[in-house]
Amino acid sequence: MKIEDALQRFVDDKEECIIYTESGITIIARILEIGDGFIIIDEKDSESVVNIEHIFRVRSYPKNEKGKKKVVF
């Protein structure tokens with residue numbers, strides 16, 4: 001399986017996720033589109049392009065029992 005295929009579920013869910021990069025930066029955003037080696041993300045009011053090679057983890061933003069966002073450290 002390619003990384004692009006694994007990331008497709010985050011595009012389909014249209015929910016915010018946490019993207020961890022190899023440089024130690026954590027990005028909270030929605031993944032809008034997946035290209036060949038990059039993703040386009042929506043961070044609040046702006047869009048950015050992130051190189052997939054620099055991402056080492058992506059996870060759904062955790063929510064509590066009531067569906068509200070949990071605090072992430």
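Just so it is clear, the structure is predicted and the values come from calculations on it, not from any experiment. We number each residue from 1, following the sequence as shown.
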Exercise. Side chains of Arg59 and Tyr20: does their closest heavy-atom pair fall under 4.5 Å?
Worked result: yes
Between side-chain atoms of residues 32-50 and protein atoms elsewhere (two or more places apart, or another chain), which donor-acceptor pairs fall under 3.5 Å?
residue	atom	partner	partner atom	Å
Asp42	OD2	Arg30	NH2	3.0
Glu43	OE1	Ser48	OG	3.1

Exercise. Just wondering, do Cys17 and Tyr61 contact through their side chains at under 4.5 Å, heavy atoms?
Worked result: no
Problem set entry | Spacing of OG1 belonging to Thr26 relative to CD1 belonging to Ile28, to within rounding of 0.5 Å | 7.5 Å
Problem set entry | ILVMFWY cluster, Ile52 and Ile18 together (side-chain gap under 4.5 Å) | no
Exercise. For Glu22, which residues count as a side chain to side chain donor-acceptor pair (under 3.5 Å) partner, sequence neighbours excluded?
Worked result: His54
Problem set entry | Side-chain donor/acceptor of Asn51 to backbone N/O of Glu53, under 3.5 Å | yes
Exercise. Would you say Thr21 and Phe56 make side-chain contact, with heavy atoms under 4.5 Å?
Worked result: no
Problem set entry | Within residues 1-11 or reaching into it, pairs that qualify as side chain to side chain donor-acceptor pair (under 3.5 Å) - sequence neighbours excluded | Gln8-Asp12
